[in-house]
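This report refers to the structure that appears directly beneath it.
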Amino acid sequence: MERSVVVLVVEDNALIHDLLGEALIDGGFRVAQASTGADALAMLEAPEAAFRALVTDINLEPGPSTGWDIAKRAREINSKLAVIYMTGNSEHQYASNGVPDSIMLTKPFAPAQLIAAVSQLLNEVQNVGASDSR
């Protein structure tokens with residue numbers, strides 16, 4: 001993956017936040033990080049935002065925004081944004097709340113699983129875009 005791909009990570013647990021950032025950087029991505037839903041939404045809505053992927057925890061403290069809310073707003077802003085959800089206890093809500101063409105990772109997961117999920121979704125978007133231009 002080229003280093004120009006910027007991934008926004010939204011995680012309220014500082015330890016997990018740091019581990020995810022390091023894993024993505026090691027995987028060849030640039031990383032921006034938010035620890036609250038409000039910060040994530042502000043970053044997504046900034047005029048200079050150039051995110052290609054969103055990795056978000058579902059249950060964020062303090063609320064009221066959830067990872068479901070952030071991903072829905074992110075897709076309104078950029079319909080091709082790769083979305084990866086993370087949760088330890090909300091995977092049963094994925095079918096009714098997840099955005100289309102996203103991936104759910106259940107905690108705990110290996111850093112390699114995160115890199116694979118981001119790469120898979122970015123490749124799918126790239127392949128769809130290539131076939132659209134023919």
Side-chain angles (χ1 to χ4, degrees):
M1 234 358 85
E2 56 186 85
R3 286 244 179 233
S4 63
V5 173
V6 183
V7 179
L8 175 59
V9 177
V10 187
E11 172 59 61
D12 57 353
N13 179 299
L15 178 61
I16 296 172
H17 188 267
D18 292 344
L19 289 171
L20 296 173
E22 290 174 22
L24 288 163
I25 290 168
D26 290 347
F29 299 100
R30 291 179 44 214
V31 177
Q33 293 180 291
S35 56
T36 68
D39 288 346
L41 291 171
M43 293 171 77
L44 285 163
E45 293 173 352
E48 69 278 2
F51 303 112
R52 299 263 314 275
L54 169 69
V55 176
T56 185
D57 189 19
I58 300 300
N59 300 308
L60 298 166
E61 298 294 331
S65 295
T66 66
W68 307 124
D69 301 326
I70 293 164
K72 286 176 186 162
R73 179 66 186 126
R75 282 285 183 84
E76 290 172 1
I77 295 167
N78 177 358
S79 64
K80 294 182 180 180
L81 189 76
V83 174
I84 294 90
Y85 296 103
M86 307 173 293
T87 189
N89 60 5
S90 298
E91 62 274 357
H92 62 282
Q93 299 173 349
Y94 178 62
S96 59
N97 290 304
V99 296
D101 303 316
S102 60
I103 292 176
M104 170 65 75
L105 293 176
T106 303
K107 295 177 184 175
F109 54 84
Q113 290 175 274
L114 176 61
I115 302 304
V118 172
S119 297
Q120 174 187 335
L121 290 177
L122 289 173
N123 286 335
E124 288 173 7
V125 167
Q126 185 177 352
N127 290 339
V128 168
S131 65
D132 289 346
S133 64
R134 291 180 190 181

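The basis for the numbers below is simple: all heavy atoms, side chains too, and nothing from hydrogens, waters or symmetry mates. Numbering starts at 1 and runs along the sequence shown.
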Restricting to non-hydrogen atoms, name the atom on [X] and the atom on [Y] that form the minimum distance, rounded to 0.1 Å.
{"X": "A53", "Y": "V118", "answer": "CB-CG1, 4.2 Å"}
{"X": "A32", "Y": "M43", "answer": "CB-CE, 3.7 Å"}
{"X": "L41", "Y": "S65", "answer": "CD1-OG, 3.6 Å"}
{"X": "G21", "Y": "V31", "answer": "O-CG2, 3.8 Å"}
{"X": "A117", "Y": "I84", "answer": "CB-CG1, 4.0 Å"}
{"X": "L54", "Y": "I70", "answer": "CD2-CG2, 3.9 Å"}

Q. Looking at CG of D26 and CG of L114, how far apart are the two atoms once the value is rounded to the nearest 0.5 Å?
A.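 Rounded to the nearest 0.5 Å, the CG-CG separation comes out at 11.5 Å.
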Q.
If I take atom CD from residue E124 and atom CD1 from residue I103, how far apart are they, to the nearest 0.5 angstrom?
A.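 That separation rounds to 6.5 Å.
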Backbone N or O of [Y] within a donor-acceptor pair of the [X] side chain at under 3.5 Å?
{"X": "Q33", "Y": "H17", "answer": "yes"}
{"X": "D12", "Y": "E61", "answer": "yes"}
{"X": "N123", "Y": "Q120", "answer": "no"}
{"X": "D39", "Y": "S35", "answer": "no"}
{"X": "S90", "Y": "Q93", "answer": "no"}

Q: Given side chain to side chain contact (heavy atoms under 4.5 Å, CB included), test F29 with L122 step by step and report yes or no.
A: CA-CA 12 Å; F29 299 100; L122 289 173; 3.7 Å; yes
Does some side-chain heavy atom of [Y] sit less than 4.5 Å from a side-chain heavy atom of [X]?
{"X": "K72", "Y": "N97", "result": "yes"}
{"X": "E76", "Y": "R73", "result": "yes"}
{"X": "I16", "Y": "K107", "result": "yes"}
{"X": "R75", "Y": "P100", "result": "yes"}
{"X": "N78", "Y": "F51", "result": "no"}

Q) Under the side chain to side chain contact (heavy atoms under 4.5 Å, CB included) criterion, do M86 and L20 qualify, and how do the steps go? A) CA-CA 11 Å; M86 307 173 293; L20 296 173; 3.4 Å; yes
Q: Going by the side-chain contact (heavy atoms from CB on, under 4.5 Å) test, name the single residue among V7, V6, V5 that passes it with L24.
A: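 Among V7, V6, V5, the one meeting side-chain contact (heavy atoms from CB on, under 4.5 Å) with L24 is V7.
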Q) Which of parallel (below 30°), tilted (30 to 60°) and perpendicular (above 60°) describes Y94 and Y85? A)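 Ring orientation, 0 to 90° scale: perpendicular.
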Q. Given the rule that I, L, V, M, F, W and Y join up when any side-chain heavy atoms are under 4.5 Å apart, are L19 and V9 in one cluster?
A.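 No, L19 and V9 fall in different hydrophobic clusters.
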